[in-house]
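These numbers come from the heavy atoms of this one structure, side chains and all, not from hydrogens, waters or symmetry mates.
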Number of protein chains: 2
Amino acid sequence: MSNRRDAVHAVLRQSEGFRSAQDVYAEMRAEGAKIGLTTVYRALQALADTGHVDVLRTDDGESVYRACASGDHHHHLVCRTCGRTVEVAGPAVERWAEAIGSEHGFTEITHTVEVFGTCAVCSTAARPARTPSRA
Amino acid sequence: MSNRRDAVHAVLRQSEGFRSAQDVYAEMRAEGAKIGLTTVYRALQALADTGHVDVLRTDDGESVYRACASGDHHHHLVCRTCGRTVEVAGPAVERWAEAIGSEHGFTEITHTVEVFGTCAVCSTAARPARTPSRA
DNA sequence: ATGATTTTGACAACCATTTTCATTTGCGCG
DNA sequence: CGCGCAAATGAAAATGGTTGTCAAAATCAT
Ligand SMILES: [Zn+2]
Ligand SMILES: [Zn+2]
Ligand SMILES: [Zn+2]
Ligand SMILES: [Zn+2]
């Protein structure tokens with residue numbers, strides 16, 4: 001059955017941020033699950049295709065997945081340190097993209113919008129004094 | 001000198017949309033240029049690092065580069081059929097991203113925003129054009 | 001010139017993701 | 001049960017863009 005798919009979905013549900021296929025696979029194996037990497041990839045694709053999980057590519061070209069609470073169109077505010085993710089709505093951006101597109105004669109407009117930053121937890125955890133990272 | 005780098009930059013300058021490294025390499029070789037793929041990759045990276053060209057990843061994970069006219073922060077409206085690209089400013093989006101970020105306690109906010117669509121030319125053309133991009 | 005330094009590029013190595021394909025599993029039916 | 005068939009699974013091989021190697025070639029410095 002889609003026992004495997006559900007298992008993969010479950011891992012995503014209990015994750016705070018986006019996870020990679022390899023990442024999910026590693027955790028499942030560590031938990032003792034008997035599943036192949038190929039199946040994890042297929043489950044993730046299926047979940048993404050059916051809109052059950054969101055996907056985005058990291059800077060290094062890796063696909064990462066997340067089971068978001070909202071089923072509606074939304075974007076993400078992601079902490080680039082710990083991965084903590086906040087689902088955000090951006091009606092203004094939606095309108096802007098649509099407007100910019102038609103303004104230039106484009107149709108069937110879609111867009112990708114992601115916001116990155118350092119969350120409160122991570123910014124306070126960062127060493128205040130001493131050499132503040134590299135400059 | 002960075003003769004090679006300039007050559008790569010030149011190819012980008014005379015291109016309308018975003019081009020992949022392999023793509024640029026192929027064109028240069030076709031033009032009779034004596035250059036290696038590795039060098040093209042390095043030139044592209046250097047140009048991107050120095051902010052001389054913009055980079056973005058396609059859906060299939062390929063990095064594509066473009067020598068934009070504007071040196072200021074801007075975004076792109078890209079035709080998903082022919083690659084034609086329009087540089088667009090989005091002050092509203094910039095503000096939105098910043099606001100959303102601080103609203104959730106995030107700092108050092110950055111964002112990625114890309115708009116895709118079908119340009120006027122491509123939407124009227126019933127028949128898909130052969131040679132994608134290039135100008 | 002001539003040794004030092006940087007740049008180049010053919011080729012191998014990476015590595016996430018996809019394909020293959022043989023095996024296993026789930027399930028309906030006699 | 002006993003079969004048969006179709007979907008699911010996963011180990012292993014293939015893919016393909018990108019990066020690492022390293023020796024040869026172009027530049028520079030003295
Ligand atoms: Zn989401
Ligand atoms: Zn954080
Ligand atoms: Zn640009
Ligand atoms: Zn077009």
Side-chain angles (χ1 to χ4, degrees), chain A residues 1-12 15 17-67 78 80 83 112 114, chain B residues 1-12 15 17-50 52-67 78 80 83 112 114 132-134:
Chain A
M1 280 307 136
S2 56
N3 188 5
R4 310 310 178 86
R5 182 171 312 182
D6 292 337
V8 169
H9 198 177
V11 171
L12 250 36
S15 299
F18 284 82
R19 309 282 302 271
S20 73
Q22 309 264 1
D23 196 10
V24 170
Y25 170 68
E27 177 175 324
M28 293 183 77
R29 293 308 289 257
E31 299 292 327
K34 188 175 84 59
I35 189 172
L37 178 58
T38 306
T39 302
V40 172
Y41 270 104
R42 280 194 285 240
L44 251 16
Q45 286 179 318
L47 289 168
D49 289 344
T50 55
H52 286 97
V53 304
D54 284 356
V55 199
L56 64 80
R57 322 267 303 194
T58 61
D59 290 338
D60 55 344
E62 205 174 7
S63 291
V64 286
Y65 309 78
R66 181 170 193 271
V78 185
R80 68 171 70 82
T112 64
E114 302 298 338
Chain B
M1 276 304 146
S2 53
N3 190 5
R4 309 311 178 90
R5 183 172 312 182
D6 291 337
V8 169
H9 197 177
V11 172
L12 251 35
S15 299
F18 283 82
R19 310 282 304 271
S20 72
Q22 311 260 5
D23 196 9
V24 170
Y25 170 69
E27 176 175 323
M28 293 183 77
R29 292 308 289 255
E31 299 291 327
K34 187 176 85 61
I35 190 173
L37 178 58
T38 307
T39 303
V40 172
Y41 269 105
R42 279 193 287 239
L44 252 15
Q45 287 178 317
L47 288 168
D49 289 345
T50 55
H52 286 97
V53 304
D54 283 357
V55 199
L56 63 82
R57 319 273 293 198
T58 61
D59 290 338
D60 54 344
E62 204 174 6
S63 289
V64 286
Y65 308 78
R66 183 171 191 270
V78 185
R80 67 171 72 82
T112 64
E114 303 297 338
S133 65
R134 190 173 308 182

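The distance between atom CZ of R57(A) and atom C1' of dA16(C), rounded to the nearest whole Å, is 9 Å. Nucleotide dG17(D) holds its C1' atom 9 Å from the CG atom of L37(B), rounded to whole Å. Atom P of nucleotide dA16(C) and atom CG of D59(B) are separated by 20 Å, given to the nearest angstrom. E62(A) places its CD atom 6 Å from the P atom of dA16(C), with the value rounded to the nearest Å. Across the protein-nucleic acid pair, Y25(B) atom OH and dG9(C) atom C1' stand 9 Å apart, rounded to whole Å. For the pair R5(B) CZ and dG9(C) P, the computed distance is 13 Å after rounding to whole Å. At whole-Å resolution of the value, CD in Q22(A) and P in dT18(C) are 11 Å apart. Computed from coordinates, the R42(B) CZ to dG17(D) P distance equals 19 Å when rounded to whole Å.
OP1 or OP2 of dT17(C) has not a single side-chain nitrogen or oxygen of Q45(A) nearer than 4.0 Å. Y41(B) has no side-chain polar atom (N or O) that falls below the 4.0 Å cut-off from OP1 or OP2 of dT19(D). Within the structure, every side-chain polar atom (N or O) of S20(B) is placed at least 4.0 Å from both OP1 and OP2 of dG17(D).
Distance alone, capped at 3.5 Å, is enough to place a donor-acceptor pair between the R4(B) side chain and the K34(B) backbone.
Here the side chain of T38(B) is nearest to one of dT21(D), dG10(D), dT17(C), namely dT21(D). Across dG10(D), dT18(D), dA16(C), the shortest atom-to-atom separation from the side chain of A21(B) is found for dT18(D). Considering only the side chain of T39(A), dT9(D) comes nearest among dG9(C), dT18(D), dT9(D). Picking from dA10(C), dG10(D), dA16(C) the nucleotide with the shortest atom distance to the side chain of R4(A) gives dG10(D).
The one candidate from L47(A), L12(A), L44(A) that meets the side-chain contact (heavy atoms from CB on, under 4.5 Å) condition with H52(A) is L47(A).
The minimum heavy-atom distance between L37(B) and Y25(B), with the atom names listed, is N-CE1, 3.3 Å.
Note that the CG atom of N3(B) and the OG1 atom of T39(B) stand 11.5 Å from one another [nearest 0.5 Å].
In D59(B), the CG atom is not crowded: 12 or fewer heavy atoms of neighbouring residues, nucleotides or ligands sit closer than 6.0 Å.
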